[in-house]
Amino acid sequence: MSQELSVSLERHGAIIDLDMAGAALGRVHIDNGALPEEERAGTAKKLLGASVLYCYTAALDKALDARGARYERIGARATVRTGTDDKGRGRIMGITLNVTVHMDAEYEDVFERVSKVMRNGCLVSASLDAAFPVTYNLKLECPDD
């Protein structure tokens, strides 16, 4: 089964509007003219990191839920590394996901099983595997008993 999703963009000089065509995100408005020069770069890389992170934590949520594990929260950060290829072109060199699940120790066995499944990533991160490595650092934190 295949699916198609679309996103549209309108740019008028420094003004960029991304229409995500959905209720969850709606329109993302970026006014580069209102930003200092040093803050303008990196938006696309951050969007890519956010996409991978969102997909991964959604898959993690579903995997935990399917096994009856309840968590308090998931905290996560994506780090996108850039560099140049052998031709000197700027490229994404890798993405590292650091994800912490905060849940009761009673679900530790479930977490261990789920963490093995999550080594395969999610739809977005696994799709990027051929282009660059995605590293998954998944850990569990339990509140003090």
Side-chain angles (χ1 to χ4, degrees), residues 1-67 69-104 107-108 110-144:
M1 175 176 75
S2 66
Q3 179 183 22
E4 288 186 8
L5 301 172
S6 64
V7 176
S8 62
L9 180 141
E10 288 188 30
R11 183 168 189 144
H12 300 278
I15 306 291
I16 302 164
D17 285 304
L18 287 167
D19 187 349
M20 300 297 184
L25 289 174
R27 288 180 80 81
V28 176
H29 177 79
I30 301 164
D31 183 355
N32 280 324
L35 298 173
E37 183 71 34
E38 65 274 6
E39 292 182 28
R40 294 179 192 173
T43 302
K45 293 174 277 230
K46 286 182 179 185
L47 287 168
L48 178 62
S51 178
V52 173
L53 197 58
Y54 185 89
C55 181
Y56 187 80
T57 58
L60 175 60
D61 171 79
K62 188 168 188 138
L64 290 168
D65 185 58
R67 291 160 180 83
R70 304 290 174 248
Y71 61 87
E72 177 188 328
R73 68 184 172 92
I74 297 173
R77 176 179 295 274
T79 302
V80 179
R81 289 181 317 284
T82 61
T84 55
D85 66 9
D86 57 351
K87 296 178 183 173
R89 299 174 296 186
R91 294 288 183 257
I92 303 292
M93 305 307 285
I95 296 178
T96 300
L97 302 182
N98 291 301
V99 181
T100 303
V101 178
H102 300 265
M103 63 190 331
D104 289 333
Y107 298 116
E108 190 170 353
V110 174
F111 175 83
E112 291 304 321
R113 289 195 314 269
V114 167
S115 68
K116 290 175 185 168
V117 171
M118 294 307 298
R119 289 181 195 150
N120 296 319
C122 64
L123 171 73
V124 174
S125 66
S127 298
L128 297 172
D129 277 343
F132 52 78
V134 179
T135 304
Y136 310 101
N137 298 318
L138 179 59
K139 71 178 191 172
L140 173 65
E141 281 195 13
C142 301
D144 294 334

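These values consider heavy atoms only, across backbone and side chains, with no hydrogens, waters or symmetry-generated copies.
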Heavy-atom nearest pair, Ala78 first then Gly49, reads CB-O, 3.6 Å

Verify side chain to side chain contact (heavy atoms under 4.5 Å, CB included) between Val101 and Val114, making sure each step is shown before the conclusion.
CA-CA 11 Å; Val101 178; Val114 167; over 6 Å; no

Minimum heavy-atom separation for Met93 to Gly83, with atom names?
CG-N, 3.3 Å

From CA spacing to verdict: side chain to side chain contact (heavy atoms under 4.5 Å, CB included), Arg77, Val99:
CA-CA 7 Å; Arg77 176 179 295 274; Val99 181; over 6 Å; no

Is there side-chain contact between His29 and Ile15, with at least one heavy-atom pair below 4.5 Å?
yes

Could you state the interatomic distance from CG (Leu97) to OH (Tyr56), rounded to the nearest 0.5 Å?
7.0 Å

When you compare the side chain of Leu128 with that of Ile92, does any pair of heavy atoms fall below 4.5 Å?
no

OG1-CG distance between Thr96 and Asn137, expressed to the nearest 0.5 angstrom
6.5 Å

Rounded to the nearest 0.5 Å, the CZ atom of Arg91 sits from the CG atom of Asp86 at a distance of 9.5 Å

Of all the heavy-atom pairs spanning Arg67 and Val117, show the shortest one and how long it is.
NH2-CG2, 4.1 Å

Scanning both residues in full, the closest heavy-atom pair of Glu141 with Thr100 reads CG-CG2, 3.7 Å

Rounded to the nearest 0.5 Å, what's the gap from CD1 on Ile95 to OG1 on Thr82? Could you check?
11.0 Å

Going by the side chain to side chain donor-acceptor pair (under 3.5 Å) test, which pairs reach into residues 112-126, not counting sequence neighbours?
Ser125-Tyr136

Which atom pair, heavy atoms only, marks the closest approach of Gly75 to His102?
N-CD2, 4.4 Å

Point-to-point distance, once rounded to the nearest 0.5 Å, from CZ of Arg81 to OG1 of Thr135
5.5 Å

Heavy-atom nearest pair, Ser6 first then Ala21, reads O-CB, 3.8 Å

Answer yes when Arg11 and Asp17 have at least one side-chain N-carboxylate O distance shorter than 4.0 Å, and no when they do not.
no

Please test Leu47 against Leu18 for side chain to side chain contact (heavy atoms under 4.5 Å, CB included), starting from the C-alpha separation and ending with a verdict.
CA-CA 11 Å; Leu47 287 168; Leu18 287 167; 3.9 Å; yes

Rounded to the nearest 0.5 Å, what separates atom CG in Leu9 from atom CD1 in Ile30?
8.0 Å

Does the side chain of Tyr54 come within less than 4.5 Å of Val124's, by heavy atoms?
no

Do Tyr107 and Leu140 touch side chain to side chain, with heavy atoms closer than 4.5 Å?
no

